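This structure is a prediction, so every number in the text was calculated from the model and none was measured. Quick note: residue numbers are just sequence positions, from 1.
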Amino acid sequence: MNNNLFLDAANSKSTERPPVWMMRQAGRFMPQYWEIKNKYSFLEMCKNPEIAADVTMLPVDLLGIDAAILFCDILVTGEAMGGDLSFTQGVGPKFANPVRTAADIDKLEVDVLDRLQYVADAIKVIQQRLNGSIPLIGFAGAPFTVMSYLVEGGSSKDFKLTKLLMHNHPELAHRLLAKIAKVTTDYLNLQIAAGVNAVQLFDSWALALSWNDYQEFSHQYNQQIIAGLNRTNVPVISFCKGSSVFAPIMAEAKPDVISVDWNADLLNIKNALPAGIAVQGNLDPHILYADQPVIKKHIHQLFERMRGTEGFIFNLGHGIMPDIPFDNVKYAIKVVKEFRY
């Protein structure tokens, strides 16, 4: 690998500066993304390996980040299991056949890797294009987050139906989560076999859970997935919205990196974690709307706070919003790359 900064930091080694990549770095804030998106549906982009590679490479070519992340979506596992998935502009993902009963859960399949082969094919194309320049990160949605979309039928503000299933019929929730966990483990191992250099588990909606519910309905399945990965020389990043609260439990699953949202002091989180677990984060993505001197100030504040810390990857506390100015994202990455400890 020509640029080992990301992998070194993920393995808790010291680096001359923090490596940088950003969640949703290949996305709607880029005019070049829309040039592709206007020709294809979102799922067509995900399922065509050449197009997925084109989108994955946009931030590599235009932003100069230290790691690429596979262009895909966390819900492709739900679709492969039998979910009728669609994406509508301005609405987001929808499952036309929500999963809410024992019969619905029984219909979901778990031996579905053949339906996800397009992801492995895309990884091989991307790695050919990267040609050893920077690492490629694969990813999957965590079981609770995928379950919430399957049960709600799409995005939700209150997760009412998901929580009703968990609290009134916990045995059904666990049966569903176990199925998703099996598919997710197999799916991430498929990506590892295809050649990704790291993987990230996204539990995007974990913040909707109480401490006890997180332990019962999220953590134990994330732990099961991480334990089942063929992770030799492939760092595992665990991300959830709520990591500022749940980091102590997340560490029990033994990821290599915990990605932290912007609600916590990153150094305090790092110091409270077991030795050998790196941290990723945790700039508030809204900072990228601000004037460039403000962006620089906040990045430098974070870096000074983390000075002398081994195992730190710069990222946002969540993904880039679609209307953040492209030039501000590019400027933020320039600030990171010019910094030296």
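His318 pairs by the ring pair (Phe, Tyr, Trp, His ring centres under 6.0 Å) definition with Phe239, not counting sequence neighbours. The side chain to side chain contact (heavy atoms under 4.5 Å, CB included) check on Asn189 picks up Thr185, Ile192, Leu229, Asn230, with sequence neighbours excluded. Checked against side chain to side chain contact (heavy atoms under 4.5 Å, CB included), Gln220 has the following partners two or more places apart in sequence or in another chain: His174, Glu216. For Asn233, the side chain to side chain contact (heavy atoms under 4.5 Å, CB included) test picks out no residue, with sequence neighbours left out.
Distance check: Thr56 OG1 to Ile137 CD1 gives 11.0 Å after rounding to the nearest 0.5 Å. Of the inter-residue distances, the one linking Leu85 atom CG with Cys46 atom SG reads 9.0 Å to the nearest 0.5 angstrom. Once rounded to the nearest 0.5 Å, the distance linking CG of Asn315 with CD of Gln200 reads 7.0 Å. Taking CD from Glu50 and CG from Asp121, the interatomic distance works out to 10.0 Å, rounded to the nearest 0.5 Å. Between the CG atom in Asp213 and the CE atom in Met166 there is a gap of 4.0 Å [rounded to 0.5 Å].
A salt bridge links Asp106 with Arg175: the closest approach of a Lys/Arg side-chain nitrogen to an acidic carboxylate oxygen falls below 4.0 angstrom. With salt bridges taken as basic N to acidic carboxylate O contacts below 4.0 Å, none links Lys297 and Asp291.
Ring geometry, His300 versus Phe303: the interplanar angle falls under 30°, so the pair is classed parallel (tilted spans 30 to 60°). Classified by interplanar angle (parallel below 30°, tilted 30° to 60°, perpendicular above 60°), the ring pair Trp205/Tyr149 is tilted.
Closest of all the heavy-atom pairs between Asp203 and Tyr214 is OD2-CE1, 4.1 Å. Pairing each heavy atom of Ile105 with each of Leu172, the nearest pair is CD1-O, 3.4 Å. Counting all heavy atoms, side chain and backbone alike, Lys160 lies closest to Glu152 at N-OE2, 3.4 Å.
Applying the ring pair (Phe, Tyr, Trp, His ring centres under 6.0 Å) definition to pairs two or more places apart or across chains, those involving residues 35-57 are Phe42-Phe71, Phe42-Phe87. Here ring pair (Phe, Tyr, Trp, His ring centres under 6.0 Å) pairs that include residues 93-147, with residues two or more places apart or in two chains, are Phe139-Phe202.
Under a 3.5 Å cut-off, the side chain of Ser148 and the backbone N or O of Thr145 do form a donor-acceptor pair.
Partner Asn282 forms a side-chain contact (heavy atoms from CB on, under 4.5 Å) with one of Asp265, Val260, Leu316, Ile269 and no other, that one being Val260.
Environment of NZ in Lys296: sparse, with no more than 12 heavy atoms of neighbouring residues, nucleotides or ligands closer than 6.0 Å.
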